[in-house]
Amino acid sequence: MINLKIAQLRITLISLLLFPILPGCDIGPDLSNQPVNDDNQSNTTGLILPARAPDALSGSELIDVLSSLSLREREARILNEILSGNIPDFMRTLVPVSITATIEDSTFEVIFHATADYLMLGSNGDNFLIPMTPILAQELADSLNASLVTRKMVDRIWQAATVKLAPLPIPPSSEMITIPVFSDHNDLVNASREAVLAEQPLGRLVAGHKKDVIISNRIDSNRDKVVIYGWHQLNGEPIQPLYSGHVNWYADYSHGIRLVHENCLVNGQVRAVKAVLQDPLLYRLLSDENGPMSV
């Protein structure tokens, strides 16, 4: 069954790369405001994926494989690897992050659950942080009962992170969208992470080492673009302001994909992240933009 699902998703991904679905298009019923019942409250503390196969390729081995592929082939392979379970064990457990806000004289606490790091391939001991297009990122989010993050969520994740890594820029060049440069940056990040590994083991919330691919109201007027934000310095200031200048098939070494579970808790009640973002009052819990999430 998993192989069939992967094949079907690969076909979907290729179709999206050829004919991207624009936000706002009618692609099915809107279930965002449906009540969350006991059957779909699902465990918000983990990603539901198959166990990593004993013969799955390591991060280092996948670097070699992905280097020879076209963008379309590369993203299809990344999709296949992740949905078949080839991610580190520590990435399967989601980390709770809370935000408390007063809205119209009422106090709300929202708790969402985020991946400890940006999406990566391989094992605990040999992994590869893998940038990807927002097309693939959204496909994975949909497949894993997850959501991409907003700018406000990125800021709060950085604040909550027990491991804050300094950004490590590589001089810009035409090669910054290639796997070899992705690998070079991965080595830099790994060295930075390993320096604090004894005190902060794998699975702790990590931030600061990548820009986030995010969801934003800016997508409504930039439907063929990727929206990015973040890369927080150690003083808390992001290098990358909200930006939507790249086409949506663009990904460079600095981009990271952070997922959160599709459900969150609002004052202890399970709510869909999508429904909160579209609520005319509660959207302010998860977004610092003007108005509910339009797309």
Side-chain angles (χ1 to χ4, degrees), residues 42-49 59 82 87-101 109-132 137 140-141 144-168 185-186 188-215 228-240 254-266 273 276-277 285-288:
S42 63
N43 181 5
T44 58
T45 61
L47 295 178
I48 307 303
L49 283 167
I82 292 176
I87 68 170
D89 292 335
F90 69 88
M91 285 293 294
R92 297 166 184 266
T93 300
L94 303 180
V95 181
V97 179
S98 65
I99 298 175
T100 301
E109 181 190 46
V110 59
I111 300 174
F112 60 90
H113 293 77
T115 53
D117 206 329
Y118 297 104
L119 287 183
M120 59 183 71
L121 304 172
S123 65
N124 285 354
D126 186 342
N127 46 67
F128 178 38
L129 288 160
I130 183 65
M132 62 187 75
L140 282 166
L144 298 176
N145 297 324
S147 171
L148 294 171
V149 291
T150 65
R151 177 172 61 182
K152 181 170 183 175
M153 294 165 83
V154 172
D155 286 338
R156 182 66 190 110
I157 288 170
W158 185 87
Q159 293 166 1
T162 55
V163 184
K164 293 179 172 67
L165 302 178
L168 296 165
H185 194 250
N186 190 69
L188 293 173
V189 171
N190 280 345
S192 180
R193 181 68 179 91
E194 288 171 6
V196 296
L197 196 56
E199 298 81 18
Q200 300 289 347
L202 297 175
R204 299 287 176 86
L205 190 61
V206 186
H209 50 308
K210 293 281 186 180
K211 304 172 186 177
D212 283 77
V213 173
I214 68 168
I215 51 177
I228 55 176
Y229 169 76
W231 222 7
H232 287 68
Q233 303 168 83
L234 295 180
N235 63 6
E237 292 297 319
I239 292 176
Q240 178 64 68
S254 68
H255 292 192
I257 305 301
R258 177 99 62 180
L259 297 182
V260 299
H261 196 277
E262 66 179 354
N263 293 333
C264 62
L265 296 173
V266 178
V273 167
V276 173
L277 286 170
L285 290 172
L286 297 176
S287 173
D288 60 5

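- Contact annotation: the side chain of L144 never approaches that of I48 to less than 4.5 Å [non-hydrogen atoms, C-beta and beyond].
- Side-chain atoms of H185 come within 3.5 Å of backbone N or O of L168 as a donor-acceptor pair.
- From R156, atom CZ reaches atom CD of Q159 across 5.5 Å, with rounding to the nearest 0.5 Å.
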message: For M132 and H255: C-alpha separation, side-chain torsions, deciding distance, then whether side chain to side chain contact (heavy atoms under 4.5 Å, CB included) applies.
response: CA-CA 7 Å; M132 62 187 75; H255 292 192; over 6 Å; no
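- In this structure a side-chain-to-backbone donor-acceptor pair under 3.5 Å is present from N127 to N124.
- With hydrogens and angles ignored, the 3.5 Å screen pairs no side-chain donor or acceptor of T45 with any backbone N or O of L94.
- Looking at K210, its side chain never comes within 3.5 Å of a backbone N or O of L129 through a donor-acceptor pair.
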message: Run L47 and M91 through side chain to side chain contact (heavy atoms under 4.5 Å, CB included) and show every step you take.
response: CA-CA 8 Å; L47 295 178; M91 285 293 294; 5.7 Å; no
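- Taking the six-membered ring where the residue is Trp, the centroids of H209 and Y118 are separated by under 6.0 Å.
- Taking the six-membered ring for Trp and thresholds of 30 and 60 degrees, H232 and W158 have nearly parallel ring planes, at less than 30 degrees apart.
- With hydrogens and angles ignored, the 3.5 Å screen pairs a side-chain donor or acceptor of N235 with a backbone N or O of E237.
- Nearest heavy atom pair, residue C264 against residue V276, reads SG-CG2, 3.9 Å.
- Annotation for P238 and G230: closest pair CB-O, 3.4 Å, computed over non-hydrogen atoms.
- With rounding to the nearest 0.5 Å, the separation of CG in L285 from NZ in K152 is 6.5 Å.
- Under the side-chain contact (heavy atoms from CB on, under 4.5 Å) test applied with L148, the options I214, D212, L259 reduce to a single match, L259.
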query: Passes side chain to side chain contact (heavy atoms under 4.5 Å, CB included), I99 versus F112? Steps please.
result: CA-CA 9 Å; I99 298 175; F112 60 90; 3.9 Å; yes
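- A161 and A207 make their closest contact through CB-CB, 3.8 Å (heavy atoms, listed as atom of the first residue, atom of the second, distance).
- How far CE of M153 is from OG of S287: 10.0 Å, rounded to the nearest 0.5 Å.
- Closest of all the heavy-atom pairs between S254 and W231 is CB-CH2, 4.0 Å.
- The CG atom of L286 sits 8.5 Å away from atom OG of S147, with the distance rounded to the nearest 0.5 Å.
- At least one side-chain heavy atom of V97 sits under 4.5 Å from a side-chain heavy atom of L205.
- Of the candidates V213, T115, V149, I257 forms a side-chain contact (heavy atoms from CB on, under 4.5 Å) with just one, namely V213.
- Applying the side chain to side chain donor-acceptor pair (under 3.5 Å) test to residues at least two apart or on different chains, none of the pairs has a partner in residues 88-100.
- Separation of atoms CD1 (I82) and CG (L119) is listed at 5.0 Å; rounding is to 0.5 Å.
- The CD atom of E199 sits 10.0 Å away from the CZ atom of R204 when rounded to the nearest 0.5 Å.
- Side chains of V273 and N263 form no contact here, defined as non-hydrogen atoms less than 4.5 Å apart.
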message: Quick one, I157 with R258, criterion side chain to side chain contact (heavy atoms under 4.5 Å, CB included). Give me CA distance, side-chain angles, the key distance, then yes/no.
response: CA-CA 10 Å; I157 288 170; R258 177 99 62 180; 3.8 Å; yes
